[in-house]
Student: 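Got a structure for you, questions after.
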Number of protein chains: 2
Amino acid sequence: MINSTTSNSSTTETAVTCTNCNLDNLCIPKGLPRSEIGELALLVNRNNIRQKGEAIYHTGSPFRGIIALRSGSAKLLSFDQNGNELVVDFILPGELLGFDGLSSQTHNCTAIALETVNYCHLPAYKIEILAINTPGLSQVLLQRSCNQFDAQVQKMMLNRRSAEERVACFILHISDRLRIRGYSELEFRLSMSREEIGNYLGIAHETVSRIIHLLQARKLITVKSKQLKILNKKELFSFHTT
Amino acid sequence: MINSTTSNSSTTETAVTCTNCNLDNLCIPKGLPRSEIGELALLVNRNNIRQKGEAIYHTGSPFRGIIALRSGSAKLLSFDQNGNELVVDFILPGELLGFDGLSSQTHNCTAIALETVNYCHLPAYKIEILAINTPGLSQVLLQRSCNQFDAQVQKMMLNRRSAEERVACFILHISDRLRIRGYSELEFRLSMSREEIGNYLGIAHETVSRIIHLLQARKLITVKSKQLKILNKKELFSFHTT
DNA sequence: CGTTCACTTGACCCCACTCAATCCTAGTGG
DNA sequence: CCACTAGGATTGAGTGGGGTCAAGTGAACG
């Protein structure tokens with residue numbers, strides 16, 4: 001129930017469309033008139049699966065379209081000249097990815113599944129078809145793309161803060177995104193490693209460990225390996241204002 | 001000549017359009033078919049002026065459209081809870097801004113002129129008109145928006161590097177953007193203060209000073225107040241690979 | 001049951017921050 | 001034309017947050 005992937009991969013393929021998907025008010029269709037969603041639904045490839053560690057797309061591969069995660073989570077990576085990974089973002093269910101390839105028609109990021117993922121795929125050439133038949137869609141995509149810009153600004157803000165504030169904000173940010181998607185906001189699983197969190201936040205993984213330890217000592221959270229529970233959201237949130 | 005703002009603010013207003021503007025292959029029209037540029041040209045407000053220090057738009061103000069700088073430069077700011085400035089980006093001639101307001105229809109950044117600027121303005125409601133009549137434009141805007149995403153990834157990379165590398169890369173990045181716009185890539189004016197550079201790069205302004213001093217001592221650049229000359233681009237560039 | 005990899009914890013050290021003093025430079029007014 | 005001023009830029013001294021390195025612990029998996 002908590003997982004949005006429910007059956008339908010068998011006989012009645014056409015039964016699941018954007019119109020009745022439980023992500024319909026989060027995913028691409030959000031903000032589109034009902035009539036246009038129908039048109040969108042016909043163009044989307046559903047039920048694509050990737051196992052943990054597998055790539056959804058690679059840096060350098062041609063842009064093949066926009067992807068919407070239905071379940072599972074992923075990380076978006078970039079690489080520097082020496083081949084060092086940079087974790088650009090984490091993607092949670094109901095969120096979109098693929099924008100990193102739209103401009104140049106070639107992906108400059110790699111998307112890797114952090115656990116088994118099920119995703120829908122809106123092929124690139126169909127975006128152009130939709131742009132003509134369904135003007136609303138271009139607007140929606142443009143909005144989503146700009147949304148990512150807003151998120152980047154928040155990310156830049158974090159880079160001014162201490163390691164402690166970064167980790168606290170990171171936890172709250174994940175919590176918030178899960179809440180919007182209808183999951184528990186106070187208890188969830190961090191599907192990424194300490195290493196990946198540190199990379200994303202721009203701090204060493206040892207520091208992530210130390211700070212998680214610290215937050216536990218202060219009774220703000222409890223952590224058992226990857227399972228996390230927020231005990232005192234209010235005080236955790238105070239890092240925002242500090 | 002080096003300045004793209006040339007006369008025409010007087011009688012023959014209609015003489016300057018997107019079709020004959022010297023920025024036409026950099027600005028919004030880039031990538032649009034000739035016919036569609038004509039349509040775009042009719043909808044754009046030209047010759048808007050702001051003096052140094054004046055705002056082009058404010059955080060919280062309603063989104064009024066996409067802006068293309070014709071001459072001068074600007075900084076894009078965001079503010080944290082305590083009202084501290086965060087320099088999100090610098091905008092050079094021929095570059096676009098305003099995407100920070102597209103998603104929510106309200107700007108979450110403030111754009112301030114760093115020197116006298118002249119800009120064109122594509123009003124928001126006309127973007128929707130264009131989306132219907134000129135499907136190519138939506139695509140172009142979407143591409144530009146995603147371009148900014150790519151730039152953000154580069155910015156994140158910089159945050160992993162030492163202060164020295166950040167300053168070196170900053171100089172090269174400005175140089176490169178000016179080159180594309182047809183200005184000298186080896187000698188130019190930094191229109192922003194050390195404080196603003198430091199804020200942008202996530203380092204103290206004293207550190208910016210110290211490193212500029214260092215780069216001069218190594219004969220890689222010379223700096224006289226805001227005037228900068230690159231002496232050894234190759235070695236300066238080696239910071240990229242380090 | 002052993003191997004491997006993620007995570008934790010400790011010790012040490014360095015880069016860049018902060019604070020503070022001084023030096024420039026552009027702008028202003030006499 | 002020069003003196004004065006204010007804000008930017010530079011330079012120095014001292015310090016601490018978080019990085020690195022290294023060792024130890026735990027948990028997952030074949």
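Computed from heavy atoms alone, side chains included, the values below leave out hydrogens, waters and symmetry copies. Keep in mind it's a predicted model, so treat the numbers as computed, not measured.
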Student: Would you call the rings of H107(B) and Y57(B) parallel, tilted or perpendicular if under 30° counts as parallel and over 60° as perpendicular?
Tutor: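 H107(B) vs Y57(B) ring planes: parallel.
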
Student: What does nucleotides 5-23 of chain D look like as a protein-contact string, B for base, S for sugar-phosphate only, - for none, at under 4.0 angstrom between heavy atoms?
Tutor: ----SBBBB----SSBB--

Student: Output the rounded distance in Å from CD (E165(B)) to P (dA16(C)).
Tutor: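 So the two atoms are 9 Å apart, to the nearest Å.
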
Student: What's the angle between the local helix axes at either end of the helix from dC1(C)-dG30(D) to dG30(C)-dC1(D), using five pairs per end and rounding to 10 degrees?
Tutor: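 Answer for the end axes of this duplex: 40°.
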
Student: Does either side chain, that of E115(A) or that of S73(A), offer a donor lying less than 3.5 Å from an acceptor on the other one?
Tutor: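 The criterion, which ignores hydrogens and geometry beyond distance, is satisfied for S73(A) and E115(A).
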
Student: From CD of Q227(B) over to C1' of dA26(C), roughly how many Å is that when rounded to an integer?
Tutor: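 Nearest whole value for this atom pair: 16 Å.
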
Student: Which residues satisfy the side chain to side chain donor-acceptor pair (under 3.5 Å) test with K229(A), sequence neighbours excluded?
Tutor: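 Testing K229(A) for side chain to side chain donor-acceptor pair (under 3.5 Å), a comparison that skips the adjacent residues, returns none.
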
Student: Starting from C1' on dA6(C), measure out to CG on N199(A) and report it in whole angstrom.
Tutor: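 After rounding, the reported distance stands at 15 Å.
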
Student: Strictly under 6.0 Å, is that where the ring centroids of F90(A) and Y200(A) end up?
Tutor: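 F90(A) vs Y200(A): aromatic centres under 6.0 Å.
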
Student: Will you find, in the side chains of N118(B) and N47(B), an N or O donor that is under 3.5 Å from an N or O acceptor?
Tutor: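 Short answer, yes.
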
Student: Show the nearest heavy-atom pair for residues L201(A) and R160(B), with the distance to one decimal.
Tutor: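 Nearest heavy atoms, L201(A) then R160(B): C-NH2, 4.2 Å.
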
Student: On a heavy-atom basis, which atom in N108(B) and which in S104(B) lie closest, and how many Å separate them?
Tutor: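 Minimum heavy-atom contact is ND2-OG, 4.4 Å.
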
Student: Got a salt bridge between R210(B) and E164(B), using NZ or NE/NH1/NH2 to carboxylate O under 4.0 Å?
Tutor: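 No, R210(B) and E164(B) are not salt-bridged.
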
Student: I need the CZ-P distance between R160(A) and dA16(C), as an integer number of Å.
Tutor: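 The answer, rounded to whole Å, is 14 Å.
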
